[in-house]
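These notes concern the structure reproduced below.
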Amino acid sequence: MFEDVKNQISQQIDQFCFQNDLPTGKVEFRSIPFSGEWGMAAPLFPLAASDPNKTGPVPQHAQFLAERIKDIVGLPAGFTRSEAVKGYLNLYFDTSLYAASVVEKINESGHNFGNALPTGQTVMVEYSNPNTHKPLHVGHLRNVILGGSVCNILEASGKKVVRANYIGDIGLHVIKWMCNYEMYHAGERPGEDKMRWMADLYSEADRRFHEQEGFEEIVRAYFARWDEGDERIHDLWLQTRQWSMDGFAQVYELLGEHFDRIYFESDVEDSGKVLVDQLIQDGLATDGRPENPVIVDLDSLLGTKEEYRVAVVLRSDGTSLYATKELPLAIMKFDEYALDESIYVIDVRQSLHMKQMQKILELMGYPWAKNMHHLAYEIVNLPGNVIMSSRDGTVVLLDDLVREATQRALEVVREKNPELDEDTMMDVAQKVALGAIKYPMISRENTKIVTFDWDSALDFNGQSAPYVQYANVRANSILRKAGELRGKAARFNHALEPSEVNLIELLSKLPDEISKSAREYKPSSLAAFAYELAKAFNDFYNQCQVLKVDGDLRDSRLALVQATKVCLEKTLNLLGIQAPQVM
RNA sequence: GCCCCCGUAGCUCAAUGGACAGAGCACCAGCCUUCUAAGCUGUUGGUUGUGCGUUCGAAUCGCACCGGGGGUACCA
């Protein structure tokens, strides 16, 4: 929009600089930070500071330059006002013209508004990564929401995304579960709520493991039988793993997540051991067995000091570790897909481990290793800096949280909107509840700890998903009552209210917000944007009438409401939050 | 010891080198005969952990401290 004019202006400025022995490229425009007015602003301080002929302090000279450039630029087409103030040059847009083009563009594009052109790049995002036979808690939720949202945002920024999930289907936790099952629940089968059932049996098994005399020994013996390849245990494992996978599927469906590729830890165990042999042969790994494990001493290989440390890639007894399997998995990913980038959504405590894996693959000569990216996020805590622990019973289970939030949301819907039918109420309650739960998980920066507390999780007011959802519902309500608005041109030839200018400016920023969020893998900036947009719409809603005005004014405002709804829904969807049509 | 992250209003968080550091929650006072009050308006609240530096300009960049969290060879 207005590209020609913008180019013309920067040419004029360049020419001015050239004629006055000033360096070019020092004047950059950004949007004016005042609300209610709309235009572009350039600070003249950088130019003033680099002027060899300046006399006096920089701010004063910047003001002088701003005034001179203001005179030279004049008032190009599409602008209504210009000013030089405090060292800034401000150019104000012709709001009617700009408003009409922004709103028209959005309503033409619909939910494609803000999407970038395809880049031809393919990126894999590995996230969720649950352990089978164990419950999911709100810590896992942060991973799923963050990963899913990053996928959505990358897709919108023009990349092809492969959603991958790496399932921890082997290990002590699985053996514990199966052992407990065989001894105390043999023959039982999960009911409708598989997740819950698996979780209950897991905590029972874990309790016995730590408290019940002799149970640990039985589990160890069971583990040995598993290692020897006991067929019956293997069959039970396949069966119970499937129950767990079914339970995960239920949760993913509830959360609106799907995966393109599932990797099992058990799939890469054997190839991991082969790969470790290779590392030893190549002289990269040192085999200390049987007393010591197989290690890759990265610091001495690279000549660094206490930076990459030592990576243990195989236990001294020859059994595999997380690291053993991570290496072949990375290779498999790049073999299967022509990936330009491989992203790992894993919590920050594994930063060193991820750094080591990447370095080892690099040393092995894989050129793509540099395209691995650890998207580190902080954990979810409880108030008072308490870490969630299943041992202490402080874990907040996803199940309980969703149930409680949905119940609470249902009460609110019933009170606010009693004429809705039961199914709709339930649908709305679920969307609101899930939104409320998800929002805090992505509205904070990835590197900040999220402190979970029930009060704010169940608070549907203020900076929250329900606030944004509600704004969207209000917009929808206006549109529904207005009926068809096809063919109505939005001319915006009225004097725009500050709240209208503000709202339109935000709408125009959505494409930039999406690409910024994608570039930095930060849904949090989009979450903040969603809130700002909703707030701007609520301002508009309170200040400007739509249905009670006539003619062009009504048509323009209806188009604006329509465009706002498009952008609100788009942004919510990118965050993995659904937008109900009534609340 | 070494490495990483965090420190902004009573609490939870924004502000990605630019104009007076902004929201929400909480508190107090208002607004439903007006497109849904899950909303809006107003009041209160700050030596941006400390110090020094870089810069015309620093919450933001650098250095040194202080406080909190995490990681640091056979957990994941």
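We name chains A, B, ... by the order of the sequence lines, and we start the count at 1 in each one. Since the structure is predicted, the reported quantities are computational estimates derived from the model, not experimental observations.
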Exercise. Step by step, would you call Glu326(A) with Gln350(A) a side-chain hydrogen bond (donor to acceptor under 3.5 Å, both in side chains)?
Worked result: CA-CA 12 Å; Glu326(A) 194 70 62; Gln350(A) 291 184 47; over 6 Å; no
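Between the side chain of Glu378(A) and the base of rG70(B) there is no donor-acceptor pair of N/O atoms closer than 3.5 Å. A donor and an acceptor atom sit less than 3.5 Å apart, one in the side chain of Ser316(A) and one in the base of rC74(B). Side-chain N/O atoms of Asn90(A) and base N/O atoms of rA19(B) include a donor-acceptor pair closer than 3.5 Å.
Val313(A) comes within 4.0 angstrom of nothing in the nucleic acid, heavy atoms only. When heavy atoms are screened at a 4.0 angstrom cut-off, Val348(A) is found touching no nucleic acid atom at all. Nucleic acid contact class of Lys548(A) (heavy atoms, under 4.0 Å, all strands): sugar-phosphate only. Contact annotation for Leu47(A): no contact, since no heavy-atom pair falls under 4.0 Å across all strands. Using a 4.0 Å heavy-atom distance criterion, Ile449(A) is classed as a sugar-phosphate-only contact. If you check every strand for non-hydrogen atoms under 4.0 Å, Val561(A) touches nothing. As judged by a 4.0 angstrom heavy-atom cut-off over every strand, Asn417(A) is placed among the base-contacting residues. The residue Val58(A) sits close to a base: some heavy atom pair falls under 4.0 Å. Residue contacts for Glu520(A): at a heavy-atom cut-off of 4.0 Å it reaches a base atom on one of the strands shown. Contact annotation for Ile295(A): base contact, defined as any heavy-atom pair under 4.0 Å involving a base atom. The residue Asp299(A) sits apart from the nucleic acid: no heavy atom pair falls under 4.0 Å. Contacts of Ala311(A) with the nucleic acid, taken as non-hydrogen atoms under 4.0 Å apart, are absent. Counting non-hydrogen atoms under 4.0 angstrom, Tyr531(A) reaches the backbone sugars and phosphates but no base. Across all strands shown, Arg474(A) has heavy atoms under 4.0 Å from sugar-phosphate atoms exclusively, and none from any base.
Comparing the same atom, P, in rA15(B) and in rA26(B) gives a spacing of 23 Å after rounding to whole Å. The gap from the C1' atom of rA29(B) to that of rU55(B) amounts to 46 Å, rounded to the nearest Å. Comparing the same atom, C1', in rU47(B) and in rA59(B) gives a spacing of 13 Å after rounding to whole Å. Atom name P, nucleotides rA14(B) and rC52(B): the rounded distance is 28 Å, in whole Å. Distance noted for atom C1' between rU41(B) and rC32(B): 14 Å (whole Å). The separation of rG69(B) from rA73(B), taken at their C1' atoms, amounts to 23 Å, rounded to a whole angstrom. rG39(B) sits 46 Å from rG62(B) when the C1' atoms are compared, rounded to a whole Å. rU50(B) and rG17(B): their C1' atoms are spaced 22 Å apart (whole Å).
Between Val380(A) and Met441(A) there is a side-chain heavy-atom pair separated by less than 4.5 Å. Side-chain contact between Leu22(A) and Leu47(A): present, with at least one pair of heavy atoms (C-beta onward) separated by less than 4.5 Å. Side-chain contact between Val473(A) and Gln581(A) is absent, with no heavy atoms from C-beta onward closer than 4.5 Å.
The side chain of Lys355(A) places no N or O atom within less than 4.0 Å of a non-bridging phosphate oxygen (OP1 or OP2) of rG71(B). Contact annotation: Thr447(A) side-chain N/O to rC6(B) OP1/OP2 distance is under 4.0 Å. OP1 and OP2 of rG17(B) both lie 4.0 Å or more from every side-chain N or O belonging to Arg30(A). Under 4.0 angstrom from either OP1 or OP2 of rC20(B) there lies at least one side-chain N or O belonging to Lys86(A). OP1 or OP2 of rC13(B) lies within a sub-4.0 Å distance of a side-chain N or O belonging to Arg444(A). Contact check, Tyr467(A) against rC40(B): a side-chain N or O comes under 4.0 Å of OP1 or OP2. Within the 4.0 Å cut-off from OP1 or OP2 of rG39(B), at least one side-chain nitrogen or oxygen of Asn461(A) is found. Residue Lys448(A) has a polar side-chain atom (N or O) positioned under 4.0 Å from OP1 or OP2 of rA14(B). Phosphate proximity of rC75(B) to Arg315(A): present, with a side-chain N or O under 4.0 Å from OP1 or OP2.
Rounded to a whole Å, the CD atom of Gln469(A) is 15 Å from the C1' atom of rG39(B). For the pair Glu445(A) CD and rA23(B) P, the computed distance is 19 Å after rounding to whole Å. Atom C1' of nucleotide rG69(B) and atom CG of Asn381(A) are separated by 8 Å, given to the nearest angstrom. Between Lys176(A) atom NZ and rC75(B) atom C1' there is a gap of 11 Å when expressed in whole angstrom units. Put simply, NE2 on His374(A) is 12 Å from C1' on rG71(B), counting in whole angstrom units. In this structure, Glu513(A) atom CD and rU16(B) atom C1' are separated by 11 Å, rounded to whole Å. Regarding Asp297(A), its CG atom lies at a distance of 9 Å from the C1' atom of rA73(B), rounded to whole Å. Between Asp169(A) atom CG and rA76(B) atom P the separation is 13 Å, expressed in whole Å.
Just one of Pro523(A), Ser517(A), Ser524(A), Ser443(A) meets the side chain to side chain contact (heavy atoms under 4.5 Å, CB included) condition when paired with Leu575(A); it is Pro523(A). Here the rule is side chain to side chain contact (heavy atoms under 4.5 Å, CB included) with Val313(A), and of Leu275(A), Ile295(A), Ile360(A), Thr286(A) only Ile360(A) fits it.
Aromatic rings of His173(A) and Tyr202(A) (six-membered ring for Trp) have centroids beyond the 6.0 Å cut-off, not under it. Taking the six-membered ring for Trp, His373(A) and Tyr521(A) have ring centres closer than 6.0 Å.
Between Phe540(A) and Phe537(A), the angle of the ring planes lies from 30° to 60°, which puts this pair in the tilted group.
In this structure rC32(B) sits in the syn conformation; its chi angle is within 90° of 0.
Considering only side-chain atoms of Gln463(A), the nucleotide from rG70(B), rA23(B), rU72(B) that sits closest is rA23(B).
Geometrically, Lys509(A) does not engage Phe529(A) in a cation-pi contact, judged by NZ or CZ lying under 6.0 Å from the ring centre and within 45° of the ring axis. Under a cutoff of 6.0 Å and an axis angle of 45°, Arg444(A) and Tyr377(A) do not form a cation-pi pair.
Both Met583(A) and Ser320(A) lie close to RNA chain B; mapped to their nearest nucleotides by heavy-atom distance, the more 5′-ward contact belongs to Met583(A). Taking the nucleotide of RNA chain B with the nearest heavy atom to each of Phe34(A) and Val450(A), the more 5' of the two is matched to Val450(A).
A stem is defined here as three or more consecutive Watson-Crick or G-U pairs, each with both distances under 3.5 Å; for RNA chain B these stems are B:1-7 with B:66-72, B:10-13 with B:22-25, B:28-31 with B:39-42, B:49-53 with B:61-65.
If you check the side chains of Glu569(A) and Asn472(A), you find a donor sitting under 3.5 Å from an acceptor.
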